[in-house]
Amino acid sequence: MRARDPGSPIPVLFPAPQVGTRDSRPGLSGLSPEEQLAWLAGQGQPAYRGRQLADHVWSGRATSFDDLHTLPGPVRESLSAAFRLDTLVDTTVREADGGLTEKALHRLDDGRTIESVLMRYPARGPRRERATLCISSQAGCAVGCPFCATGELGFWRDLETAEIVDQGRFWRRHLAREGRRVTNIVFMGMGEPLLNADRVLAAASLLSDSRAFGLGARHITISTSGVIPGIEQLTSLRPQYTLAVSLHAARSALRDLLVPLNRRYPGEQVVDAATDYADATGRRVTYEIVMIAGINDTAVDAAALAELLRGRLAHVNLIPMNPVAHTPWQPSSPERIEAFATTLRNVGLHTTIRRNRGIDIGAACGQLAAEMAGAPAPDAVARRRDLLVDRSAAALRDAGDSVGAG
Ligand code: SAH
Ligand code: SF4
């Protein structure tokens, strides 16, 4: 196998923001029901206080421990000394698609910001209405996919379990006002969930626990750019979550460019690990392909992908690239995406085309946070664009060289 030259990394465009110190108290919603009970028992409280506390955390609207009126004053004081009731300090919500998409920018205790997006799907025929929530797992992301706005920001820090869960609690309160509820949660916001696997799995477990957030595991999707140890950790737990793999290209030279983690965890091995998950759980894996004009949308790419995935328990989701400010790339045309889908369907692969939501509010992964980070230096943007043009030309050349090479 030819050694791949990693080249210099594609530079991030924004300096890490100046931030404040962290609040040392963990978020209460990051505790499992057992941990909450154990804490109350340590305070000499009877077991029924556990249910009262859980009601406040998972169904209540209280914003301060003072509002937890069913609990005695001294317990409220001890709780407040030990925990935060909400780890999201404040939140701004913006609407798009006539209210069908809403995007929240949440500020954390240290001043960093993360995003979550709610997408509403009205009832259609026999299909009940849905409200899918897309949440973040990290502030920023270290993987650095060049088409992704979060990738441009670089990595800031992992989110705590409660910071992940509290995004769900925020939208639950928001939707409760109109008598609606969150029906699906996808880990497709900022960050690489399986590079923060322990916290993400703890959060997913709380979100799917009927004593906590209570969403069925089958309604939770974990999306990864291909962190094999994280996929293996998931497989060993055999949950019923949907696993989504951001594949983007079957040809390795191209995937090296689009998902830099490919040098560490090559696509074919990622697909094998994901297939083990599918075999262990009986759940079809979703493969995501962001469709970028002239880069990964050719007939050769469609054929390579069909070859890689045929016969596997797979679903392919083609996503027109949401244009981001600092890349030279554009989304593929609808005709190209249709042709790509046809090649996949011809080998029996279940394939869907996703419509982009909320483009007008920058609802792609990390786009709003990138906007908030301010305008990057024009020469840095120009260098990044030039580098991407050169790199994509080289990747396409290498990918072409390796076609048929096995
Ligand atoms: N880090 C994880 C999850 C967050 S990204 C992952 O990469 O899977 C969630 C999805 O949004 C991924 O499939 C990612 O490729 C996609 N995405 C990122 N930037 C995008 C853009 N500009 N247009 C369309 N999809 C994008
Ligand atoms: Fe990170 Fe996912 Fe964006 Fe890639 S697409 S930079 S893995 S958040």
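Start at 1 with the first residue, then count along the sequence. All values below were derived from every heavy atom in this structure, side-chain atoms included, with hydrogens, water molecules and symmetry-related copies excluded. Quick caveat, the model's predicted, so the values are computed rather than measured. Counting starts at 1 for both ligands and their atoms, following the listed order.
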Name the option, out of C141, G191, C148, that contains the heavy atom nearest to atom 1 (N) of ligand 1.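 Ranked by closest heavy atom to atom 1 (N) of ligand 1, first place is G191.
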Option whose closest heavy atom lies nearest to atom 3 (Fe) of ligand 2, chosen from A149, A142, C148, G140: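 Minimum heavy-atom distance to atom 3 (Fe) of ligand 2 goes to C148.
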For N262 and D256, what are the C-alpha separation, side-chain angles and deciding distance, and is it a side-chain hydrogen bond (donor to acceptor under 3.5 Å, both in side chains)? CA-CA 5 Å; N262 195 57; D256 280 352; 2.9 Å; yes
Using a 3.5 Å distance criterion without hydrogens, assess whether the side chain of R25 forms a donor-acceptor pair with backbone atoms of S80.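 Yes, the answer is positive, given that a donor and an acceptor are paired below the 3.5 Å cut-off.
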Atoms in ligand 1 flagged as close to [X], the criterion being non-hydrogen separation under 4.0 Å:
X: V324; value: 22 (N)
X: V290; value: 15 (O), 24 (C), 25 (N), 26 (C)
X: T224; value: 6 (C), 8 (O)
X: F187; value: 3 (C)
X: S225; value: 6 (C), 7 (O), 8 (O)

Under a 4.5 Å cut-off applied to non-hydrogen side-chain atoms, are I289 and N317 in contact? no
Would you check the N or O atoms of F147, main chain and side chain alike, for any that come under 3.5 Å of an N or O of ligand 1? yes
Numbering the atoms of ligand 2 from 1, which are under 4.0 Å from a heavy atom of [X]?
X: G144; value: 6 (S)
X: S225; value: 7 (S)
X: G151; value: 6 (S)

Less than 4.0 Å is my threshold; does some heavy atom of G191 fall inside it relative to ligand 2? yes
Ring centroid separation F170 to H106 under 6.0 Å: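 Under 6.0 Å, so yes.
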Within the 4.0 Å heavy-atom cut-off, what H248 brings close to ligand 1 is side chain
Quiz: residues 242-249 side-chain donor-acceptor pairs under 3.5 angstrom, not counting sequence neighbours:
| from | atom 1 | to | atom 2 | distance (Å) |
| --- | --- | --- | --- | --- |
| T242 | OG1 | R283 | NH2 | 2.9 |
| H248 | ND1 | E288 | O | 3.4 |
| H248 | ND1 | V290 | N | 3.0 |

Under the 6.0 Å and 45° cation-pi test, does R130 pair with Y121?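 Relative to the ring axis of Y121, which defines the angle, R130 lies inside both limits.
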Under 4.0 Å, heavy atoms only, figure out whether ligand 2 is touched by the backbone of C145, its side chain, both or neither. both
Tell me if the CZ atom of R61 is crowded by more than 12 foreign heavy atoms within 6.0 Å. yes
Check this for me: does any side-chain nitrogen of one of D166 and R169 sit under 4.0 Å from a carboxylate oxygen of the other?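 Looking at D166 and R169, the cut-off is met.
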Can you tell whether the side chains of R22 and E160 come within less than 4.0 Å, N to carboxylate O?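 Yes.
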Output yes if C141 passes the N/O/S-under-2.8 Å test against atom 1 (Fe) of ligand 2; output no otherwise.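 C141 does place an N, O or S atom closer than 2.8 Å to atom 1 (Fe) of ligand 2.
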Between ligand 1 and G189, can you find any atom pair, the residue atom being a heavy atom, that is separated by under 4.0 Å?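 The answer is yes, since G189 has a heavy atom less than 4.0 Å from ligand 1.
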Assess, by modelled atom type and distance only, whether the side chains of E192 and T224 contain a donor and an acceptor separated by less than 3.5 Å. yes
